[in-house]
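Heavy-atom basis, side chains included; hydrogens, waters and symmetry copies ignored.
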Amino acid sequence: WSGAATDDVLSKHRFPKDFLFGVASSAYQVEGGRNVNGNGENIWDYFTKTKPEKFHNSSNGDVACDSINKFREDVKLVKNLGVDFYRFSVSWSRVLPEGYSNNINKDGLRYYNDLINELIANGIEPMITMYHYDLPLPLHQIGGWTNPYLAYYFEDYARILFSYFGDRVKHWITFNGGCAGYGEDGFAPFLNQPGIANYICNQVLVLAHAKAYHLYDREFRMLQKGKVGVTLEGNWYEPGSFAVEDIEAAERAREFKLGVYANPIYHPEGNFPKAVRERVDNISRQEGYLRSRLPTFSAEEVEYVQGTYDFLGLNCYTTFLVKDAEEDVSEKTSSDKDIRIKMYQDKQWHKAKSSWLRVYPDGMRKMLKWVKDKYDDPEIIITENGYSDNGELVDIERIKYYQKYLSAILEAIHEDEVNVRGYTAWSLMDNFEWIMGYSEKFGLYHVNFSDPNRKRTAKKSVDWYKKVIRERRVVEIKEVSSRLKGDL
Ligand code: PNW
């Protein structure tokens, strides 16, 4: 028994000293206060009103968790967890009501200023997502993320955020996720032009991110000394069998889902992944298009975008199984056709409330290793990970989920030497879950949505996560179960 050996054994079960723990939310999902003076309309305001049938119970985020009025209480909840940082997003249309930089809403600025100061006064680091799916309506009306000028307007918006908040904010996430709602019908703006709109959006988003990054480099980094990155969907795609075609199909899925965003920014060579380029070019030709549906980056753009990161944010919830599919030329244009796969999940994996969310923690570890190998070992922050249910206060399944996924992250850190620097639980509290409205709950805190006061109550997972953070290790459920017994 040497002391060193015991330390080593112990350390494998611990998070590194400088590892950061956090908790997340996003503006439209929690803030409410959509109808206050000076606030502009965004695509969620617009579509929840004009297409209420798209949303569970026709619900909307007009009030949501009312965080616009209750942010000081929210900060108390965050503080109670003992986390290092709070990841929240700024509502673009609250700061710039029309999306453009000529009209700044003072009340909007004041809100985020107050929130940032309240966090810092409580020893919590603010981590800001600049864009979490909530595009100002006027920008949608000029084509949204299919309009290349959005990259310029995003740069202007970024400038305003860096200028007003950059003295105190040291972690910036330009974008959350990707082009949801451009290639399917399950998300605003419900464009549903698969194989076309999502690829254009993809390119514009990547360019907009790069513009914001370069702006920070040129004008803010020296003084503010923060970090800028992007958050991407980091769900894992696992081959459905050992067959070579299925192994290749899973790799194709990763490149089409994550690689199209990550490759231009994080891959040493930049640009869209080669396999994506080839397939979309070929299939576009077969389909009779006179040009590829996948936009091209010029050589200057490839260089401009490549390397524009200080860290990579990953939202990782689940795993999909992938099988190769038959080529079917008669099928109409879509990115699914381009990828040519069948995607499914194993019915044996425990299912959460959300239709897409099944528990397979090894996917987290595999994704982290894949990203490390593919993109030259970047600094990674898990910016979302969480479990949905009906909102039970005794949320044993959520604790089990977190326990398993955090163990997978520890393995990635200690066994695979992946450079994971932080972890963020989604979400601080139950909130507006996009088209699912208030029917799926991801919160550590329960919110009573029929109470005008939107009362918050800690779930059992709060106790558990607090202990994890305090002790910097994955706490077993039985270690908090004495306190749970009365409830079980
Ligand atoms: C996240 N998938 O996105 C969002 O960033 C959050 O706003 C949201 O509340 C959370 O998911 C829970 O739904 C995801 O296809 C998008 O597996 C897609 C997937 C998962 C999460």
Q: Quick one: which of Lys274, Lys374, Arg277 gives a salt bridge (Lys or Arg N to Asp or Glu O under 4.0 Å) with Glu269?
A: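 Between Glu269 and the candidates, salt bridge (Lys or Arg N to Asp or Glu O under 4.0 Å) is satisfied uniquely by Lys274.
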Q: Between Thr424 and Val23, is there a donor-acceptor pair closer than 3.5 Å when you use the side chain of the first and the backbone of the second?
A: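 No; zero donor-acceptor contacts below 3.5 Å.
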Q: Show the nearest heavy-atom pair for residues Arg254 and Pro239, with the distance to one decimal.
A: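 Heavy-atom minimum between the residues: NH2-CD, 3.8 Å.
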Q: For the pair Arg340 (side chain) and Ala325 (backbone), establish whether a donor and an acceptor sit closer than 3.5 Å, ignoring hydrogens and angles.
A: yes
Q: Should Lys337 and Asp328 count as side-chain neighbours, where that means a heavy-atom distance under 4.5 Å?
A: no
Q: Assert yes or no for the condition that the ring centre distance of Phe15 to Tyr423 is strictly below 6.0 Å.
A: no
Q: Hey, what do you get for CZ (Phe256) to CG (Leu294), rounding to the nearest 0.5 Å?
A: 8.0 Å
Q: Going by an N to O cut-off under 4.0 Å, is there a salt bridge joining Asp430 and Lys459?
A: yes
Q: Between Trp349 and Tyr360, how do the two ring planes meet: parallel, tilted or perpendicular, split at 30° and 60°?
A: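 It falls in the parallel class, under 30°.
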Q: Does the gap between the ring centers of Tyr438 and Phe432 come in under 6.0 Å?
A: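 Yes, the ring centres sit under 6.0 Å apart.
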Q: Under the criterion salt bridge (charged side-chain N to carboxylate O under 4.0 Å, His left out), I'd like the reasoning laid out for Glu248 against Arg279: C-alpha separation, chi angles, the key distance, then a yes or no.
A: CA-CA 13 Å; Glu248 287 173 358; Arg279 282 201 62 82; over 6 Å; no
Q: Taking all atoms of both residues into account, what is the closest heavy-atom pair of Gly226 and Asp310, and its distance?
A: O-OD2, 4.2 Å
Q: Can Arg87 and Asn176 be counted as having a side-chain donor-acceptor contact under 3.5 angstrom?
A: yes
Q: Between Phe175 and Trp145, is the gap from one ring center to the other below 6.0 Å?
A: yes
Q: Is any NZ, NE, NH1 or NH2 atom of the basic residue among Asp373 and Lys369 found under 4.0 Å from an Asp or Glu carboxylate oxygen of the other?
A: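 Yes.
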Q: Drop me the distance from Ser101's OG to Arg159's CZ, to the nearest 0.5 angstrom.
A: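 Rounded to the nearest 0.5 Å, the OG-CZ separation comes out at 9.0 Å.
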Q: With a 6.0 Å cut-off on ring centres, are Phe190 and Phe47 close enough?
A: yes
Q: What's the verdict on side-chain contact (heavy atoms from CB on, under 4.5 Å) for Ile265 and Val206, showing C-alpha distance, side-chain angles and the deciding distance?
A: CA-CA 8 Å; Ile265 302 170; Val206 160; 4.3 Å; yes
Q: Kindly check if the number of other-residue, nucleotide or ligand heavy atoms within 6.0 Å of CD (Glu417) is above 12?
A: no
Q: Compute whether any side-chain donor of one residue and acceptor of the other, for Trp370 and Glu251, lie under 3.5 angstrom apart.
A: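 Yes, Glu251 and Trp370 have a side-chain donor paired with an acceptor closer than 3.5 Å.
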Q: Any side-chain heavy atom of Leu205 sitting closer than 4.5 Å to one from Tyr182?
A: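 Leu205 does not reach Tyr182 side chain to side chain.
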Q: Do the side chain of Arg14 and the main chain of Arg472 share a donor and acceptor less than 3.5 angstrom apart?
A: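 Judged by distance alone, no pair lies under 3.5 Å.
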Q: Checking the side chain of Asp324 only, and the main-chain atoms of Asp246 only, is there a donor and an acceptor separated by less than 3.5 Å?
A: no
Q: With a 4.5 Å heavy-atom cut-off, do Leu368 and Leu314 have their side chains touching?
A: yes
Q: Rounded to the nearest 0.5 Å, what's the gap from CG on Leu81 to CG on Leu428? Could you check?
A: 7.0 Å
Q: Do Asp395 and Lys441 have side chains that approach each other closer than 4.5 Å (heavy atoms only, starting at C-beta)?
A: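 They are not in side-chain contact.
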Q: Compute the centroid of each ring, for Tyr402 and then for Tyr387, and state whether the two points are separated by less than 6.0 Å.
A: no
Q: Hey, could you give me the CG/CD1 distance between Leu137 and Ile142, rounded to the nearest 0.5 Å?
A: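 Between Leu137 CG and Ile142 CD1, I get 11.0 Å after rounding to 0.5 Å.
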Q: Mind listing the closest non-hydrogen atom pair of Lys323 and Gly240 along with its distance?
A: CE-O, 3.8 Å
Q: Do Gln29 and Phe442 have side chains that get closer than 4.5 Å, going by heavy atoms?
A: no
Q: Going by atom types only, do Asn419 and Lys372 share a side-chain donor-acceptor pair under 3.5 Å?
A: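 No donor-acceptor contact under 3.5 Å links the two side chains.
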Q: Can we say Arg421 and Glu379 salt-bridge, meaning some charged N sits less than 4.0 Å from an Asp/Glu carboxylate O?
A: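 Here Arg421 pairs with Glu379 in a salt bridge, since their nearest N and O are under 4.0 Å apart.
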Q: Could you tell me whether the side chains of Gln345 and Thr318 share a donor-acceptor contact shorter than 3.5 Å?
A: yes
Q: Measure the shortest side-chain to side-chain distance between Tyr266 and Asp376 over non-hydrogen atoms and say whether it is less than 4.5 angstrom.
A: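 Sidechains of Asp376 and Tyr266: no contact.
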Q: Is the shortest side-chain N to carboxylate O distance from Glu238 to Arg358 below 4.0 Å?
A: no
Q: Can you spot which of Arg34, Glu31, His132 makes a side-chain hydrogen bond (donor to acceptor under 3.5 Å, both in side chains) with Ser91?
A: Arg34
Q: Kindly indicate, with the supporting measurements, whether the criterion side-chain contact (heavy atoms from CB on, under 4.5 Å) is fulfilled by Ile381 and Met127.
A: CA-CA 11 Å; Ile381 299 176; Met127 179 184 286; 4.0 Å; yes
Q: Can the ring centres of Trp92 and Tyr153 be said to be less than 6.0 Å apart?
A: no
Q: Would a line drawn from the ring center of Phe187 to the ring center of Trp44 be shorter than 6.0 Å?
A: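 Yes - the distance between ring centres of Phe187 and Trp44 falls below the 6.0 Å cut-off.
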Q: So, does Tyr465 use its side chain to make a donor-acceptor pair with the main chain of Leu444 at under 3.5 Å?
A: no
Q: Aromatic rings Tyr401 and Tyr405: how do their planes relate, parallel, tilted or perpendicular, breaks at 30° and 60°?
A: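 Geometry flag for Tyr405 against Tyr401: parallel rings.
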Q: Please step through side-chain contact (heavy atoms from CB on, under 4.5 Å) for the pair Val420 and Phe19, ending with a clear verdict.
A: CA-CA 8 Å; Val420 191; Phe19 190 87; 4.0 Å; yes
Q: Whether the Tyr86 and Ser25 side chains hold a donor-acceptor pair (N or O, under 3.5 Å, no angle test) is what I'd like checked.
A: yes
Q: With a 6.0 Å cut-off (strictly less than), is the heavy-atom count around CD of Gln286, excluding the residue itself, greater than 12?
A: yes
Q: Quick check: does any side chain N or O of Ser284 sit under 3.5 Å from a backbone N or O of Arg293, one acting as donor and the other as acceptor?
A: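 Looks like yes, one N/O pair under 3.5 Å.
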Q: Contact between Phe272 and Asn202 at the side-chain level, heavy atoms closer than 4.5 Å - yes or no?
A: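 Answer yes - side chains close enough.
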Q: Between Tyr157 and Met130, is there a donor-acceptor pair closer than 3.5 Å when you use the side chain of the first and the backbone of the second?
A: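 Yes, the answer is positive, given that a donor and an acceptor are paired below the 3.5 Å cut-off.
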Q: Measure centre to centre between the rings of Tyr133 and Tyr28, then say whether the value is under 6.0 Å.
A: no
Q: Where the side chain of Asn147 meets the backbone of Gly144, is there a donor-acceptor pair that is under 3.5 Å apart?
A: no
Q: Let's go through Tyr317 and Asn315 carefully: what are the C-alpha distance in whole Å and the side-chain angles of both, what is the deciding distance for side-chain contact (heavy atoms from CB on, under 4.5 Å) to 0.1 Å, and is it a yes or a no?
A: CA-CA 7 Å; Tyr317 288 86; Asn315 293 347; 4.2 Å; yes
Q: Are any non-hydrogen side-chain atoms of Asp156 and Leu96 less than 4.5 angstrom apart?
A: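 Side chain of Asp156 against side chain of Leu96, heavy atoms only: no contact under 4.5 Å found.
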Q: Is the backbone N or O of Ile339 less than 3.5 Å from a side-chain atom of Arg252, with the two atoms forming a donor-acceptor pair by type?
A: yes
Q: Would you say the ring centroid of His209 lies under 6.0 angstrom from that of Tyr261?
A: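 No, the ring of His209 stays outside the 6.0 Å limit from the ring of Tyr261, centre to centre.
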Q: Under 3.5 Å, side chain of Asp45 to main-chain N/O of Asn42, donor-acceptor pair present?
A: yes
Q: Please report the interatomic distance CG(Leu290) to CZ(Arg285), rounded to the nearest 0.5 Å.
A: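 Going from CG on Leu290 over to CZ on Arg285, the span is 11.5 Å.
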Q: Minimum heavy-atom separation for Asn431 to Ser427, with atom names?
A: ND2-OG, 3.2 Å
